[in-house]
Amino acid sequence: MVMNEVAPASDVEIAAKLFRGLGDRTRLALLLALLGGERRVTDLVAEVGTSQANVSNHLSCLRECGLIAARPDGRQTFYRVASEQVEGLLRAAEAVLAETGGSIELCRRYR
């Protein structure tokens, strides 16, 4: 999707799905944790503070959507952000929040 052109409806729908997925607090927390490098499910459970089943379910969703990748190592699996583009998107969001986070927090339209 090129930002200076009007995107076809299908591109907008796919982009909306991406942002809905990122709008889930647990999935976003998992992605942000993975910016620090590879993690196992048990590591993520401790960092995110939710159940192993919940973490596993969200990791499955993120992996199916291509946002994270998995690397098996013996009986363990290590998860990481799938690409530089995904990492760039998350870093860009951090930069936007550094500038506008206070306004977003106070915004009554974003509940």
Side-chain angles (χ1 to χ4, degrees):
M1 178 170 50
V2 178
M3 297 310 252
N4 293 337
E5 299 175 11
V6 175
S10 60
D11 288 351
V12 171
E13 288 300 318
I14 293 168
K17 284 178 80 170
L18 168 66
F19 286 105
R20 274 195 307 274
L22 296 175
D24 180 273
R25 289 178 184 186
T26 302
R27 283 192 291 272
L28 185 57
L30 290 169
L31 284 165
L32 293 174
L34 292 173
L35 286 177
E38 287 186 326
R39 302 281 196 283
R40 301 168 301 158
V41 170
T42 55
D43 302 324
L44 292 166
V45 166
E47 284 187 54
V48 174
T50 188
S51 71
Q52 181 175 343
N54 195 23
V55 167
S56 293
N57 184 48
H58 285 293
L59 288 174
S60 177
C61 174
L62 291 167
R63 189 173 176 197
E64 186 178 317
C65 292
L67 299 176
I68 64 168
R71 180 182 60 83
D73 185 7
R75 298 179 69 189
Q76 303 179 81
T77 301
F78 290 84
Y79 294 90
R80 62 178 167 74
V81 174
S83 69
E84 291 178 12
Q85 290 79 12
V86 174
E87 182 173 346
L89 175 64
L90 295 168
R91 298 281 186 211
E94 288 176 336
V96 170
L97 287 171
E99 290 181 22
T100 64
S103 296
I104 291 171
E105 185 178 18
L106 295 173
C107 181
R108 294 180 193 192
R109 294 177 186 261
Y110 293 169
R111 294 183 189 243

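- Using a 4.5 Å cut-off between side-chain heavy atoms of Ile, Leu, Val, Met, Phe, Trp and Tyr, L59 falls into a hydrophobic cluster with L18, F19, L22, L28, L30, L31, L32, L34, L35, V41, L44, V45, V48, V55, L62, L67, I68, Y79, V81, V86, L89, L90.
- In this structure R71 satisfies the salt bridge (Lys or Arg N to Asp or Glu O under 4.0 Å) test together with E38, D73, sequence neighbours excluded.
- Crowding of Q52 atom CD: a count of heavy atoms from other residues, nucleotides or ligands under 6.0 Å not exceeding 12.
- Contact record, G66 with A82: O-CB, 3.3 Å, taken as the closest heavy-atom pair.
- Panel note: side chain D24, backbone G21; no donor-acceptor pair is recorded below 3.5 Å.
- Interatomic distance, NE2 of H58 versus CZ of R25, reported as 12.0 Å (0.5 Å rounding).
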